[in-house]
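The shown structure was predicted, so the numbers you read here are calculated from the model rather than taken from an experiment.
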Amino acid sequence: MAMVSAMSADTYQKLLDAVGTGRWADGTPLNTQQQEQTMQLVMAYQARVLKSAEPFTIGADGQMVIKSKTEMKAQFSAEQSIARFAHDDL
């Protein structure tokens, strides 16, 4: 996993984009093996480097992290809002 720890954020973003679109940046489609391996690298980076707290990610222990609605509401209510409007204000 040293490769994952040494991976730059730019490389991670390129791999994430490739997994999301099914194509490399030059437009070449990923084959099945490339897609599987790229997904594994993305998940390993999220788990080891980002330590992401998103609802559906891979935790540092390698297990899938799935947050409940209550946990997600608590996360978003703790963050500052840019603006709040009542229904009739719109």
Side-chain angles (χ1 to χ4, degrees):
M1 285 297 160
M3 180 172 63
V4 172
S5 299
M7 188 187 310
S8 71
D10 185 52
T11 300
Y12 163 74
Q13 190 58 53
K14 287 177 183 178
L15 293 173
L16 184 63
D17 291 343
V19 169
T21 62
R23 297 182 176 277
W24 295 114
D26 68 357
T28 305
L30 276 73
N31 64 36
T32 304
Q33 183 180 14
Q34 290 172 327
Q35 194 159 8
E36 289 171 4
Q37 291 174 346
T38 304
M39 177 64 82
Q40 289 174 0
L41 279 170
V42 166
M43 291 188 314
Y45 188 88
Q46 288 175 342
R48 297 204 182 255
V49 178
L50 296 181
K51 298 187 185 340
S52 180
E54 293 298 313
F56 298 100
T57 58
I58 305 300
D61 60 357
Q63 298 298 312
M64 181 167 251
V65 175
I66 302 174
K67 289 188 175 181
S68 68
K69 279 187 177 181
T70 305
E71 291 170 319
M72 288 174 44
K73 283 177 87 173
Q75 176 185 347
F76 290 116
S77 67
E79 296 176 8
Q80 275 190 337
S81 297
I82 294 173
R84 290 206 179 258
F85 299 95
H87 183 271
D88 295 333
D89 291 343
L90 301 174

Check your understanding: What's the shortest heavy-atom distance between Leu30 and Thr38, and which atoms?
Key -> CD2-OG1, 3.9 Å
Point to revise | Sequence-distant partners of Asn31, side-chain hydrogen bond (donor to acceptor under 3.5 Å, both in side chains), two or more places apart | key: none
Practice item. Sequence neighbours left out, what passes side-chain contact (heavy atoms from CB on, under 4.5 Å) with Thr32? Give chain and number order. Key: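 Here the qualifying residues are Glu36.
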Considering only distance and modelled atom types, tabulate donor-acceptor pairs under 3.5 Å from the side chains of residues 9-21, sequence neighbours left out.
unit_1	atom_1	unit_2	atom_2	d
Asp10	OD2	Lys14	NZ	3.4
Thr11	OG1	Ser8	OG	2.9
Tyr12	OH	Gln46	NE2	3.1
Gln13	NE2	Asp17	OD1	3.0
Thr21	OG1	Asp17	O	2.9
Thr21	OG1	Arg23	N	3.2
Thr21	OG1	Arg23	O	3.2

Exercise for review: Mind jotting down which residue pairs meet the ring pair (Phe, Tyr, Trp, His ring centres under 6.0 Å) criterion with at least one end in residues 13-37? Sequence neighbours excluded, please.
Suggested key: none
